[in-house]
Structure formats: structure tokens, C-alpha cells
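As the structure lists them, so they are numbered: ligands from 1, and atoms in each ligand from 1. Treat the numbers as computed from the prediction; the structure is a model and nothing was measured.
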Amino acid sequence: MEEKIKSLEDDLDKELFSFEKDKNEVKSLHELELLENKYLGKKSFISQTLKNINDFPQHMKPLIGKTVNETRKNIENDIKLIKDNFIKLEYDKKLREEKFDLTLPGRCLEHGSKNIISQVIEEIQDIFVGLGYEIAEGPEVETDYYNFEALNHPPDHPARSLHDTFFISDNILLRTHTSPVQIRYMEKHKPPVYIIAPGKVYRKDYDITHTPMFTQIEGLAVDNNINFGNLKWTLETFAHSIFGKDRTVRFRPHYFPFTEPSAEVDVSCNICKGNGCRVCSGTGWLEILGAGMVDPNLYKFVDYDPEAVNGFAFGMGIERIAMLKYGIDDLRIFFENDIRFLKQF
Ligand code: DAH
């Protein structure tokens with residue numbers, strides 16, 4: 001029996017020796033698992049010995065159990081040490097790889113900004129609100145009556161062909177200007193009237209200075225003692241606010257069906273200071289808007305007494321004002337939504 005124990009002890013020594021050798025070869029947690037299985041798993045020498053402990057006489061069992069368990073404990077401890085070491089190494093590696101650089105700037109959300117056209121509309125609104133004007137609105141889908149007829153363009157009036165109109169039906173169209181708001185407002189309000197009306201308008205046109213949709217601001221002042229001098233002062237004040245006090249304003253006689261007399265209004269070119277250059281086509285002047293005294297004929301359409309009231313009106317293209325103000329030479333970029341363009345304002 002003594003021999004049997006001796007030989008068991010030898011076998012356990014061999015097992016331990018082999019384990020010592022194998023454990024130095026282990027390079028990963030996975031390999032460690034295989035090692036654990038080999039020396040402590042169900043088919044390992046140690047497990048099998050403990051399983052077959054009944055082959056030994058009863059009085060030897062405690063000694064054998066103790067001897068085998070000691071070896072098992074040694075192997076277990078070693079495996080645990082190696083495992084802890086691997087886990088720590090892996091954790092360190094992860095930390096190194098995932099290192100945070102606290103000095104890096106954060107990713108910031110891009111903030112949008114107001115479109116340049118909206119900004120110019122607001123600036124113009126501010127100027128006129130400061131002069132006591134109210135803001136009015138009208139529909140973009142209009143009837144022939146408001147867009148043309150009530151603005152003094154009878155059905156066969158030649159001025160109708162000035163507008164390349166988008167017709168929806170014979171009678172319904174996309175408004176070609178903001179002037180119909182004049183009629184709509186006067187229909188509903190008695191004088192005195194001081195309004196500006198910003199909005200989108202539509203014409204069949206497309207080149208570097210025309211787009212099928214663009215923006216206008218209409219102005220209308222109707223009271224009982226209004227003269228051309230008031231119109232001049234108002235538009236000069238406006239032009240100086242938006243372009244600067246150093247600019248000169250001039251009125252050129254013109255024709256509009258709904259104003260009489262009518263004028264086109266220019267500001268002096270600030271690039272050549274009035275000497276003539278490419279931007280102003282050599283004239284020294286830049287056209288900014290159309291204006292005039294309200295044709296008394298319009299008052300008949302809105303039930304005002306032409307003998308008792310008079311007024312002036314004006315209309316301007318916002319994109320054109322923005323182009324002149326910021327030196328932009330192609331109208332189309334306002335609508336292309338190129339972020340590099342929009343970001344500059
Ligand atoms: N409605 C005109 C246009 O679109 C602009 C205009 C000219 C408006 C003279 C006015 C005005 O109110 O008096 O071309």
C-alpha cells in the first residue's frame with residue numbers, strides 16, 4: 001500500500017512539473033482556459049484520481065484526498081494568478097488604446113443663421129416701422145383682378161405683357177409683384193394707410209439677374225395731404241439707412257400703370273463714386289426701386305374718395321437690394337443654399 005501512495009505522489013509530482021512547464025507557455029486567457037481544463041478538468045489526472053478514490057482502502061482515503069487536493073490547490077492558485085495578470089494586462093492595453101485627450105476641442109453643433117434675404121427684409125421693416133409704417137401681407141396665389149385689373153391694367157392693357165406671368169387658370173395666377181397687397185389692404189382699411197408688404201413674387205425668368213421666384217417689398221402711404229416731396233424724403237431716408245448717408249439718390253421719370261407720376265429711383269454707385277464702372281454699366285447710378293404717386297383711378301376700386309385722399313407707393317426687389325448692399329453679382333446664389341455662401345452673413 002505504501003508503494004501505491006509513493007507512486008501516486010510521484011505521479012502528482014510529475015503532473016505538477018508538467019504544469020509548471022506548460023504554464024510558462026500560456027499567452028492568452030483562452031490558452032489559460034485550455035491549461036485549466038487539462039490539469040483540473042473532468043478528464044485530468046487530478047479529477048480522475050479523486051473520482052476513483054474508492055479504489056484505495058478506507059483508511060488511506062484521507063491522506064490521499066489531502067495529498068491530491070494540495071496539488072489541486074497549488075495549480076488552482078497558479079491559474080488564478082496568471083488569470084489576474086492577464087486581466088490586468090488587457091485592461092491596461094484597453095486604457096492605453098482608449099485614452100481620452102481632454103485638450104481636444106469638442107464637436108460643436110452647427111448653428112444655422114437667418115437667410116440673408118430674411119435679414120435684409122427685417123432691416124427694411126425696421127426702417128419703415130421706425131417711420132410709423134405697419135406690416136401687411138397678401139396671398140402669393142392671386143386673381144387677375146388684384147394682380148392687374150385693380151392696379152389699372154385693364155384686360156388689353158399693354159403693360160400686362162411686361163410681366164411673364166405663371167397662370168394657374170385664366171383668372172388665377174402666381175402674383176408677379178407685391179402691388180396687389182395695396183388693393184387688398186385698402187379694401188379693408190380706411191385711410192390713413194402706411195404699410196409695407198414683403199413677400200415672394202413669381203415671373204417666368206431665369207438668368208444672372210432674374211429668378212422665377214424672388215422677393216419684393218411694397219410700400220403704400222395714403223393720407224390727405226401727401227405730395228411727391230414726402231415720397232422723395234421717405235425714399236431718401238430709406239436709401240441712406242440701408243446704403244449709407246454718403247450715397248446720393250435720384251428720381252428718373254418712368255411709367256407704371258398704378259402710379260402717376262411715376263419714377264425709378266437710383267442710388268449713386270459706391271464702387272466708382274459716380275464716375276461710371278462695370279457694375280453701374282458706366283452710368284454712375286444703380287437702380288433700386290420703382291415708385292410714384294398713387295394713380296387716383298385706383299381709389300375707385302377700393303371705395304376711397306379720389307378728391308379727398310392722395311398717396312404714394314413704391315416697390316423694390318429685396319435680392320437686388322441685397323446684391324447692391326453686399327456686392328453680390330449673381331442673383332441665383334441666394335436660392336442655391338450653398339452653406340459657404342450663407343455662412344458669410
Ligand atoms: N410692382 C412694380 C414691379 O413689380 C414695382 C412698383 C413700382 C411698385 C412702382 C410700386 C410702384 O408700388 O409705385 O415692377
Participant: Given E264, E218, E260, R203, which has its nearest heavy atom closest to atom 4 (O) of ligand 1?
Facilitator: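 Minimum heavy-atom distance to atom 4 (O) of ligand 1 goes to R203.
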
Participant: Using 30° and 60° as the class boundaries, would you call the ring planes of H177 and F148 parallel, tilted or perpendicular?
Facilitator: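 Ring orientation of H177 relative to F148: tilted.
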
Participant: Touching ligand 1 at all, F312? Heavy atoms, strictly under 4.0 Å?
Facilitator: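 The answer is no: ligand 1 sits nowhere under 4.0 Å from a heavy atom of F312.
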
Participant: Considering only NZ, NE, NH1 and NH2 on the basic side and carboxylate oxygens on the acidic side, decide whether R250 and D266 come within less than 4.0 Å.
Facilitator: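 Looking at D266 together with R250, the answer is yes, because their closest N to O distance falls below 4.0 Å.
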
Participant: Hey, can you tell me if F256 and H254 have their rings parallel, tilted or perpendicular (30° and 60° cut-offs)?
Facilitator: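 F256 and H254: tilted rings.
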
Participant: Decide whether the shortest distance between a heavy atom of Q182 and an atom of ligand 1 is less than 4.0 Å.
Facilitator: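 The answer is yes, since Q182 has a heavy atom less than 4.0 Å from ligand 1.
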
Participant: Could you list which atoms of ligand 1 come closer than 4.0 Å to a heavy atom of G292?
Facilitator: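 Close to G292: 13 (O).
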
Participant: Please could you name the atoms of ligand 1 that A291 approaches to less than 4.0 Å, counting only its heavy atoms?
Facilitator: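 Ligand 1 atoms under the 4.0 Å threshold to A291: 9 (C), 11 (C), 13 (O).
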
Participant: Is there a polar contact between ligand 1 and G290, counting only N or O atoms under 3.5 Å apart?
Facilitator: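 There is no such contact.
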
Participant: Hey, is E142 close enough to R184 for a salt bridge, meaning N to O under 4.0 Å?
Facilitator: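 Looking at R184 together with E142, the answer is yes, because their closest N to O distance falls below 4.0 Å.
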
Participant: Salt bridge or not for K80 and D84, using N-O below 4.0 Å?
Facilitator: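 Yes.
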
Participant: Counting heavy atoms only, name the option from Y255, F214, F256, F258 that's nearest to atom 11 (C) of ligand 1.
Facilitator: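 Among Y255, F214, F256, F258, the closest heavy atom to atom 11 (C) of ligand 1 comes from F258.
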
Participant: Against heavy atoms of A313, which atoms of ligand 1 measure under 4.0 Å?
Facilitator: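 Ligand 1 atoms under the 4.0 Å threshold to A313: 12 (O), 13 (O).
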
Participant: Short question: side chain of N52, backbone of Q48 - any donor-acceptor pair under 3.5 Å?
Facilitator: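 Yes.
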
Participant: Quick check: do D205 and T211 have side-chain heavy atoms less than 4.5 Å from each other?
Facilitator: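 No, side chains not in contact.
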
Participant: What atoms of ligand 1 come closer than 4.0 angstrom to any heavy atom of S179?
Facilitator: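 So the atoms of ligand 1 that pass are 1 (N), 8 (C).
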
Participant: Under 4.0 Å from a heavy atom of Q216: give me the atoms of ligand 1 that qualify, with their elements.
Facilitator: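 So the atoms of ligand 1 that pass are 3 (C), 4 (O).
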
